[in-house]
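Positions are given from 1 along the sequence.
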Amino acid sequence: MKHRYTTIIIGAIVLVTVGLLTGCVTLRPATIQMNKDIRAYTHVYIPATQTKESAIGVPMVGVILPYAQSVNPRDVIAGGFSKRGFIVLHDIEERVRPKTLIVSYGESGRRRVALGMGSTTEVILQLVSAETGELVGTATAEGCGDTESDDIKQAIERALATLFK
C-alpha cells in the first residue's frame, strides 16, 4: 500500500515539473464584444503592421544555433478573414465602403508564466465600420508559443476563431 502512494506522489511531482519546465500554461479564454453582426460585411481593410521578429537558441550537438522567426500580424489577420470568405482590400474603396470593416491590431499585454520562464502575449482586434466609424466589435486572446512570433500568431488565430464561432 505504501508503494502505491509513493508511486502516485512521484507521478504527480513529475507531471507538475514537466508542465512547468515545458512552459505549459493555461491561456485565458478568448473574449469578444460585438455591437453589430459582422455577417453584414463582405470586405475588410487591415492597416499595415510592423513585422515582429524573435529568436531562440536551438541546441544542436553541443552548439546552440540561433533560430529566428518573424510574423506580420496583418498577414495572419488577412489570411483568417480570407479563409472565411471576406475580400481583403489594399485601400478602402468608396463603392464597397458600406460593406467594409477596418480591422486594427494591437498588443494589449504580456504575462509571465511557468515560474517566469515563459510568457504569453495578449492581442486585441478592433473591428470598425468603414462607413460610419462605429465600433462593430472587439476580440481579445492570448497566445503562448516557443517565440514571441508564435505567441502573436496563436493569439490572433484564437481571437479570430472566437469571433467567427
Side-chain angles (χ1 to χ4, degrees), residues 22-60 64-114 116-165:
T22 60
C24 182
V25 64
T26 302
L27 298 174
R28 293 179 183 146
T31 60
I32 60 167
Q33 185 267 314
M34 297 304 294
N35 298 329
K36 284 183 159 183
D37 189 355
I38 63 170
R39 290 180 294 194
Y41 300 90
T42 56
H43 295 70
V44 293
Y45 170 74
I46 307 158
T49 58
Q50 295 277 331
T51 297
K52 303 283 184 167
E53 295 187 23
S54 53
I56 60 172
V58 178
M60 294 284 290
I64 296 180
L65 298 174
Y67 171 68
Q69 269 191 322
S70 65
V71 65
N72 188 318
R74 182 189 189 284
D75 294 341
V76 179
I77 296 165
F81 274 93
S82 294
K83 185 168 138 180
R84 291 166 176 93
F86 284 79
I87 298 166
V88 179
L89 302 172
H90 294 287
D91 296 312
I92 298 176
E93 300 174 12
E94 278 306 313
R95 64 180 179 80
V96 292
R97 186 179 285 270
K99 296 274 187 186
T100 302
L101 279 174
I102 300 170
V103 182
S104 299
Y105 161 86
E107 291 177 30
S108 50
R110 292 183 63 76
R111 180 170 63 104
R112 288 286 212 210
V113 294
M117 295 179 355
S119 65
T120 65
T121 300
E122 185 179 64
V123 302
I124 185 164
L125 303 178
Q126 186 179 56
L127 291 73
V128 175
S129 167
E131 182 178 40
T132 64
E134 293 177 287
L135 181 65
V136 174
T138 59
T140 305
E142 281 186 324
C144 183
D146 292 334
T147 65
E148 186 178 2
S149 297
D150 289 338
D151 294 357
I152 291 167
K153 183 177 179 189
Q154 184 184 60
I156 291 170
E157 289 169 349
R158 289 183 69 231
L160 290 173
T162 303
L163 187 64
F164 288 107
K165 268 189 179 174

Reported CZ-to-OG1 distance for the pair Phe86 and Thr100, which is rounded to 0.5 angstrom: 10.5 Å
Interatomic spacing from CD1 in Ile32 to NZ in Lys165 - rounded to 0.5 Å: 9.0 Å
Summary of ring pair (Phe, Tyr, Trp, His ring centres under 6.0 Å) pairs that have at least one residue in residues 124-144, sequence neighbours excluded: none
Nearest heavy atoms of Ser149 and Ser54, plus distance in Å: OG-OG, 2.9 Å
I'd like a table of donor-acceptor pairs (distance under 3.5 Å, sequence neighbours excluded) in which one partner is a side-chain atom from residues 77-85, with atom names and distances.
{"unit_1": "Ser82", "atom_1": "OG", "unit_2": "Ala78", "atom_2": "O", "d": "2.9"}
{"unit_1": "Arg84", "atom_1": "NH1", "unit_2": "Gly80", "atom_2": "O", "d": "2.9"}

Minimum heavy-atom distance between Ser108 and Thr140, given as atom pair plus value: OG-CG2, 4.3 Å
Any side-chain heavy-atom pair of Glu107 and Lys52 under 4.5 Å: yes
Distance-only donor-acceptor hits, side chain of residues 130-137, under 3.5 Å, sequence neighbours excluded:
{"unit_1": "Thr132", "atom_1": "OG1", "unit_2": "Ser129", "atom_2": "OG", "d": "3.2"}
{"unit_1": "Thr132", "atom_1": "OG1", "unit_2": "Glu134", "atom_2": "N", "d": "3.2"}
{"unit_1": "Thr132", "atom_1": "OG1", "unit_2": "Glu134", "atom_2": "OE1", "d": "3.1"}
{"unit_1": "Glu134", "atom_1": "OE1", "unit_2": "Lys36", "atom_2": "NZ", "d": "3.4"}

Partner set under side chain to side chain donor-acceptor pair (under 3.5 Å) for Thr121, not counting sequence neighbours: Arg110, Asp151
Side-chain donor-acceptor pair present, Glu142, Thr120, cut-off under 3.5 Å: yes
Nearest atoms (heavy-atom pairs only) where Cys144 meets Ser119: SG-O, 3.7 Å
Beyond-backbone contact of Tyr105 with Ile152, side-chain heavy atoms, under 4.5 angstrom: yes
Min side-chain heavy-atom separation Ile92-Ile102 under 4.5 Å: yes
Pair Val71-Ile156, side chain to side chain contact (heavy atoms under 4.5 Å, CB included): steps then yes or no: CA-CA 11 Å; Val71 65; Ile156 291 170; over 6 Å; no
Of Lys153, Gln69, Glu53, the residue whose pairing with Thr147 passes side-chain hydrogen bond (donor to acceptor under 3.5 Å, both in side chains): Gln69
Nearest atoms (heavy-atom pairs only) where Thr138 meets Met34: N-SD, 4.4 Å
Val96 and Thr42: CA distance, side-chain angles, deciding distance, side chain to side chain contact (heavy atoms under 4.5 Å, CB included) verdict: CA-CA 9 Å; Val96 292; Thr42 56; 5.9 Å; no
Residues that Glu94 engages under side-chain contact (heavy atoms from CB on, under 4.5 Å), provided they are two or more places apart: Arg97
Smallest separation among heavy atoms of Ala141 and Ala30, with atom names: CB-CB, 3.7 Å
Heavy-atom side-chain contact between Ile38 and Leu101 under 4.5 Å: yes
Separation of Glu93 CD from Lys99 NZ (nearest 0.5 Å): 15.0 Å
Report, one line per pair, each donor and acceptor closer than 3.5 Å where one atom sits in a side chain of residues 44-51; sequence neighbours left out.
{"unit_1": "Thr49", "atom_1": "OG1", "unit_2": "Asn72", "atom_2": "OD1", "d": "2.4"}
{"unit_1": "Thr49", "atom_1": "OG1", "unit_2": "Arg74", "atom_2": "N", "d": "3.0"}
{"unit_1": "Thr51", "atom_1": "OG1", "unit_2": "Asn72", "atom_2": "ND2", "d": "3.4"}

